[in-house]
There are 2 protein chains.
Amino acid sequence: MFEKGGEKLARNKHPEETVNLILDVASRLFMEKGYEHTSIQDIINHLGGLSKGAIYHHFKSKEDILYAVTDKMTEQSNQMFQVICDRTDLNGKEKLETMFRESLNRSVQDDIFTVAPSFYNNPQLLFSLLHETIEISAPDYIQPIIEQGMADGSIVAKHPKQLAELISLMANLWMNPMVFDDSVEETYSKFMVFDQVLKGLGLDIVDEEILSRMQELTTIYQNSK
Amino acid sequence: MFEKGGEKLARNKHPEETVNLILDVASRLFMEKGYEHTSIQDIINHLGGLSKGAIYHHFKSKEDILYAVTDKMTEQSNQMFQVICDRTDLNGKEKLETMFRESLNRSVQDDIFTVAPSFYNNPQLLFSLLHETIEISAPDYIQPIIEQGMADGSIVAKHPKQLAELISLMANLWMNPMVFDDSVEETYSKFMVFDQVLKGLGLDIVDEEILSRMQELTTIYQNSK
DNA sequence: CAATACATACCGACCGTTGGTATGTATTTA
DNA sequence: TAAATACATACCAACGGTCGGTATGTATTG
């Protein structure tokens, strides 16, 4: 009958909406207050009528919610990475370039940055993100591309797994202004060092477009604080 | 009268012994069970008679204990770094080399490795270590040395602060077998990539002694598990 | 050299909050 | 209509932390 409208419904016909609601609320609170200072009760209070039973019906623990939240955060990125991986018109090096460019473009117009959170006092969230980076992003997306580049001759490297890890670590964590609360200048310097490192590894993938996107991104983040 | 002997004393004349006892017990438990799965009661149970009042007399919170623990963990390293920093017979590059060598030598005979802990499911401990690395180790010890090297001509670089951060991050976290549960081979590969990165940055400081120490260290760690 | 005054070290009962569970009930679906 | 789903509610043990109190030290003073 009145399934849409946001009114207090005894039961949602589309449980995925409830799951998403919980995830959205949890995301926001985890960012604002930090994971360990967000209680289940906090989440319930922002759920608009739903109760603890709803949460523990869809998630088995608070930690489980955290994993789902970070999963959702990296989901879009990983999807985009997959699309680039599957392209056949690019060699390895070109794919890497494309990934960096796309990552930055996406971040510029991303919701996350309008909230201006900080992972700095959020060990669990940061850790979960680190986990995603090392266990999924690096081995599933970056490493295969490096290996393709080694095969097609566009990339010269020796230890693709470790190289993929290091690059992912630098790009996703070290250079992420949400993790390290850097000024525009500091982020720029990091990017210059990053560029130099990649060049030293035979990966000359940082062009002017990537660089200008990077500066734009940092400025946005700074202004939103 | 009987101030020494370990017997249950109503009051310890040397309170620092009590503080150290708490720190030692907490260290062990944090490593074994993880920070968030170690309760204050757990610590009390291993204190041999001391109570909750004792803990909260010396520390203002559980978090405070964590910070004291990581402080103690990096204290020795930092002291050694300071000594090397103060030497006048070495140029910047030589100091960096010495620091890496000494770090590895120290780790080989270190207590920590005999416990075979893992930071992997220990977000808070890992984070606290990251904090020490970025906020203290890098800016206070590595960065000044790089700047000295830039001044005396032994190091060619452009962004000493960021360079120091990146090097510290790689050395203290990424290549730390306690953080990432790598095999001997993987650690070796990481070290090779690390070496290549440093060479690309104009820092050719990894020699054969450092390399063999690294392998020794990883083997010790693997066997102790 | 006591008596006094205060600081330190520690005890353990107690408190509010927490993450989590057990059970009940209304609604959907097969 | 029976089973499965989507919740609500009442409840629990354990947690981090506080607090009033006590015993033991040291510093001051007459």
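Numbers restart at 1 for each chain; the letters A, B, ... are given by sequence-line order, proteins then strands. Owing to the predicted nature of the structure, the values given are computational and were not obtained by experimental measurement. Reckoned from all heavy atoms, side chains included, excluding hydrogens, waters and symmetry mates.
- Straight-line distance from the CD1 atom of B:I43 to the C1' atom of D:dC15: 12 Å, rounded to whole Å.
- Taking the side chain to side chain contact (heavy atoms under 4.5 Å, CB included) definition, one finds that B:V19 meets it with B:L23, B:H58, B:F59, sequence neighbours left out.
- Atom pair A:H57:NE2 and C:dG24:P shows a separation of 18 Å (rounding to whole Å applied).
- A:F100 meets the ring pair (Phe, Tyr, Trp, His ring centres under 6.0 Å) test with A:F194; sequence neighbours excluded.
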Check: residues 45-57 of chain B side-chain donor-acceptor pairs under 3.5 Å, at least two apart:
{"unit_1": "B:H46", "atom_1": "ND1", "unit_2": "B:D42", "atom_2": "O", "d": "2.9"}
{"unit_1": "B:S51", "atom_1": "OG", "unit_2": "B:G53", "atom_2": "N", "d": "3.2"}

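- Within the structure, salt bridge (Lys or Arg N to Asp or Glu O under 4.0 Å) contacts touching residues 76-87 of chain A (residues at least two apart or in different chains) are A:R87-A:D89.
- Between the NE2 atom of B:H37 and the P atom of D:dG16 there is a distance of 11 Å, given to the nearest Å.
- Take B:E135 and apply the side-chain hydrogen bond (donor to acceptor under 3.5 Å, both in side chains) test, not counting sequence neighbours, and it matches A:Y120.
- Atom-to-atom, CG of B:L66 to C1' of D:dG16 comes out at 15 Å; the value is rounded to the nearest Å.
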Q: Indicate for each nucleotide in nucleotides 16-23 of chain C, in 5' to 3' sequence, whether protein heavy atoms under 4.0 Å reach the base (B), only the sugar-phosphate (S), or nothing (-).
A: --SBBB--
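- For D:dA6, the OP1/OP2 oxygens have no side-chain nitrogen or oxygen of A:T18 closer than 4.0 Å.
- Interatomic distance, A:E147 CD to A:I142 CD1, rounded to the nearest 0.5 Å: 12.0 Å.
- Rounded to 10 degrees, the angle between the two end axes of the helix from C:dC1-D:dG30 to C:dA30-D:dT1 is 10°, with five pairs used at each end.
- Distance NE2 (B:H58) to P (D:dG17): 17 Å, rounded to an integer number of Å.
- Atom C1' of nucleotide D:dT18 and atom CD1 of B:I55 are separated by 14 Å, given to the nearest angstrom.
- Under the ring pair (Phe, Tyr, Trp, His ring centres under 6.0 Å) criterion, A:Y141 pairs with A:F81, not counting sequence neighbours.
- In this entry the distance linking CG of B:D64 with P of D:dG16 reads 14 Å, nearest Å.
- Following rounding to the nearest Å, B:F59 (CZ) and C:dC10 (C1') show an atom-to-atom distance of 14 Å.
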Enumerate, atom names and distances included, each donor-acceptor pair closer than 3.5 Å involving a side-chain atom of residues 160-167 of chain B, sequence neighbours excluded.
{"unit_1": "B:K161", "atom_1": "NZ", "unit_2": "A:E186", "atom_2": "OE2", "d": "3.0"}
{"unit_1": "B:E165", "atom_1": "OE1", "unit_2": "A:W174", "atom_2": "NE1", "d": "2.9"}
{"unit_1": "B:E165", "atom_1": "OE1", "unit_2": "A:K190", "atom_2": "NZ", "d": "3.4"}

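- Looking at B:T74 and B:I136, their side chains never come closer than 4.5 Å, going by heavy atoms from C-beta outward.
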